[in-house]
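Below you'll find the structure, written out as structure tokens, and then a few comments.
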There are 2 protein chains.
Amino acid sequence: MEVKRATVRDLRRRNRSTLLSTLFFEGPLSRFELGQRTGLSAATVSNVVGEMVDDHLVVEAGLVESDGGRPRVLLRVNPSYGHVIGVDVGETGVTMELFDLGMTRLAAHARPLPPPRPDPALVAPLIAEGLAELLAGAGVTQQDLIGIGIGVPGTVEQGDTVRVHAQAIGWDGIAVAELLGASGVTAPLFVDNGAKTQGQAEMWFGAGRGARHAVIALIGSGVGATVITDGTTYRGATSSAGEWGHTTLMFDGRTCRCGAKGCLEAYVGAEGILDRFRRERGGRAVPRPDEQSQLDFLLSAAERSTTARRVLEETVGYLGAGIANLVNLFNPERIVLGGWAGLALGSRLLPEIRVATAAHALRHAYEQTSIVLCELGSDAVAVGAATLPVEALLSSGADSRARRVVS
Amino acid sequence: MEVKRATVRDLRRRNRSTLLSTLFFEGPLSRFELGQRTGLSAATVSNVVGEMVDDHLVVEAGLVESDGGRPRVLLRVNPSYGHVIGVDVGETGVTMELFDLGMTRLAAHARPLPPPRPDPALVAPLIAEGLAELLAGAGVTQQDLIGIGIGVPGTVEQGDTVRVHAQAIGWDGIAVAELLGASGVTAPLFVDNGAKTQGQAEMWFGAGRGARHAVIALIGSGVGATVITDGTTYRGATSSAGEWGHTTLMFDGRTCRCGAKGCLEAYVGAEGILDRFRRERGGRAVPRPDEQSQLDFLLSAAERSTTARRVLEETVGYLGAGIANLVNLFNPERIVLGGWAGLALGSRLLPEIRVATAAHALRHAYEQTSIVLCELGSDAVAVGAATLPVEALLSSGADSRARRVVS
DNA sequence: AGACTAATTTTAAGCCGCGAATTAAGCCGT
DNA sequence: ACGGCTTAATTCGCGGCTTAAAATTAGTCT
């Protein structure tokens, strides 16, 4: 309801943003086509685009020939207008990647973190150091950065100062931006939950492209989800929405690591699946070193072992019900199944998962939903984080009056 | 992402809408205060408000004295600018109510419907007839109507032509607007799901006021929910979002009337509760004529009967887990418990329900959520439906160039 | 009655997007 | 090679919009 005021300047900003975004996502386009897609008059398109060309934000990119008539000049966002960095702060290490505005990865950098609880006071200098290294390697200064996006495990409170609560690594209300600032990071910072950035990556570049209402279901050791409503990720009142993993699927069921009983995560998270498998095997450990290969073992054992098959069938049932809950509540047009475990399960069992979902979802909503596999790996957290500053740039329209002009 | 173009006219419309909405919801305000709240300059406020006064959309409503200085003139939306009608099409009857723009109920009208499956071809003339009666009684013509809002059971497909799918009464893809048009109804029509209109009523006039992120959980014989994200009701891709009742709470549990197993509705819907109660009583029927009094019986029996108490305790547990799912997924700031059964349960057991919710929700999200009882009865469907045309009026800004001027 | 105060209204200026008219830039056939 | 033709991009003038500043209005206080 509460719309904000609108001045005549906001108009320009908004149209600039619209044009810039269409150019970014729908790739080289002529002024003419831009006019068609955005509904803006040719005059305005010309005018605004001219401004953006002056700002070096948009560049010409060849022309389309025609048979008779002036050829259309193609335009695209200038990849070297600026750079962005995406940081993936995981439980075991930090990955950083440098991109240009065309989202081409120019450099990457990874550092392990001392388990089990990386002291935030330690992580900040590590990032600052990695940043310096990345920039130096690519010959880019911090001034050229549009921004740095950071994906962290745990919930991110988007308040006046952004605070990170990550019980998994023992962070409680850490103000990441301030810490980094103290380590000499001056570029604009954007912090979000890692699952959400991964979901965003999938929406921009992966299986979610083009959907306005989608849910990215991420299954790894734990379980989470990114909900996209009307094209933007839904955050809820305090940005902790989408905690799919801890919804109750089996009232009074297995105890989850969150303390509650019957959470979805306890049934379809890799840890939960493997734990159930072990019990079915009479407590014998799965003969593989890590969770990921244990799950692979389980998946391939299904061909010969009825135990394994039963565990997987149950898992599919649980997962179907869990997905059906998403379908019933959010009525998305697409569900993207991701996360390393989600990918492993989905690539072998997607048809079965669809059937299980159909059994638990309302017909109408289910028929409107396609369930697909993700297209990016879980290393997409960093790209997703890098989209955060880009998103900010696009939606601000990169107003030259508010930003330095790149010479 | 895809923003629509914006012309300079849209600006005016939008500011008009902002001013009109704040005036509507925050009730008599002076031009000066309007300027403060909307962030618009005094000049613009004066200008736009002047226009709206000319259109008879806004009227002066006394003045606030000051000690020195020109007194502020209070303004409010003109209640008699036009009228709206809210229609509640239920499974057993149709209720219609006439309101002025101040949302004062001027007249009401109810008709039973022949159970079990009211033929849509029969309902339309019934509404048209009731409409004529309502209008005649209040001396209002159909021209004076801003619109008619209709709440129907079942999902409403908001497409080019609005279609209603209500399995409960055997409607499948009925184009209500067309049917009513054929019966001589010419006023603008707005159709939505009854639970959603009831939720909207609660948001505008009841326990949801002021919340930007909320869920109205409705428990009657069945179970549904209205999800409010960022101030507007969330509809999803095909407007069937919020089907909370058919989310799986107990995998492989009780069979629900939707055919699936373990749906929340099968545990906390009045029908489900009473069915469980009957079983606990060894199959003996509850000695009361209808569901509502049977539930009352169960609630008061809890004082002396351990069976009743156990059934209620279980119900509270299930309901808590169900609400916790909403909390975890939507991270709302408020959950409003409504519906006749929700009200009955909540008014006696709200503290216990809160505890049960806390046991299943993540701490962070739970702490941000208040769980409250609804303030309006389930007869609020009609008021809620009536808000639909009003909402349209407010968000269009009631542009005089697009509407007839009331003389 | 005159000074004072604070809310509105008026006025002039700066921007905006749009449609029409104009210019630019190739293709084609002779 | 040279008009004629077609389509894309620009330019120009117009009607609209919000704003800041100045002017006006409507009371209170002495």
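What you see below is based on every heavy atom in this structure, not just the backbone, and it leaves out hydrogens, waters and symmetry mates. Proteins come first, then strands; the chains are lettered A, B, ... in the order of their sequence lines, and each starts at number 1.
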Output the rounded distance in Å from [atom1] ([X]) to [atom2] ([N]).
{"X": "Asn47(A)", "N": "dC16(C)", "atom1": "CG", "atom2": "C1'", "answer": "9 Å"}
{"X": "Leu11(A)", "N": "dG14(C)", "atom1": "CG", "atom2": "C1'", "answer": "14 Å"}
{"X": "Leu19(A)", "N": "dC16(C)", "atom1": "CG", "atom2": "C1'", "answer": "14 Å"}
{"X": "Arg72(B)", "N": "dT28(D)", "atom1": "CZ", "atom2": "P", "answer": "15 Å"}
{"X": "Arg13(B)", "N": "dG17(C)", "atom1": "CZ", "atom2": "P", "answer": "15 Å"}
{"X": "Glu33(B)", "N": "dA7(C)", "atom1": "CD", "atom2": "P", "answer": "9 Å"}
{"X": "Arg16(A)", "N": "dC15(C)", "atom1": "CZ", "atom2": "P", "answer": "15 Å"}
{"X": "Leu40(B)", "N": "dT9(C)", "atom1": "CG", "atom2": "C1'", "answer": "16 Å"}

Next item on the list: Indicate, with a heavy-atom threshold strictly under 4.0 Å, whether Val73(B) touches base, sugar-phosphate, or nothing.
Entry: sugar-phosphate

Check: Between Arg334(A) and Glu202(A), is the closest basic N to carboxylate O distance under 4.0 Å?
Finding: no

Margin query: Tell me whether the rings of Tyr234(B) and His213(A) are parallel (<30°), tilted (30 to 60°) or perpendicular (>60°).
Written below: tilted

With the side chain of [X] defined as its heavy atoms from C-beta on, choose the nearest nucleotide among [options].
{"X": "Phe32(A)", "options": "dA8(D), dT8(C), dT18(D)", "answer": "dA8(D)"}
{"X": "Ser46(A)", "options": "dT9(C), dA9(D), dA25(C)", "answer": "dA9(D)"}
{"X": "Arg70(B)", "options": "dA26(D), dG17(C), dC17(D)", "answer": "dA26(D)"}
{"X": "Thr44(A)", "options": "dT18(D), dC18(C), dC16(C)", "answer": "dC18(C)"}
{"X": "Ser41(B)", "options": "dT19(D), dT7(D), dC16(C)", "answer": "dT19(D)"}

Is any side-chain N or O of [X] closer than 4.0 Å to OP1 or OP2 of [N]?
{"X": "Asn15(B)", "N": "dC17(D)", "answer": "no"}
{"X": "Arg31(A)", "N": "dT10(D)", "answer": "yes"}
{"X": "Arg12(A)", "N": "dG17(C)", "answer": "yes"}

Margin query: Which is more 5' along DNA chain C, the nucleotide nearest Val8(A) or the one nearest Ala43(A)? Just name the residue.
Written below: Val8(A)

Next item on the list: Report yes or no: do Asp100(A) and Ser80(A) form a side-chain donor-acceptor pair below 3.5 Å?
Entry: no

Check: Using a distance-only test with no angle check, is there a side-chain donor-acceptor pair under 3.5 angstrom linking Gln200(B) and Thr387(B)?
Finding: yes

Checklist line | side-chain contact (heavy atoms from CB on, under 4.5 Å) assessment of Val191(B) paired with Leu388(B) | finding: CA-CA 8 Å; Val191(B) 187; Leu388(B) 296 174; over 6 Å; no

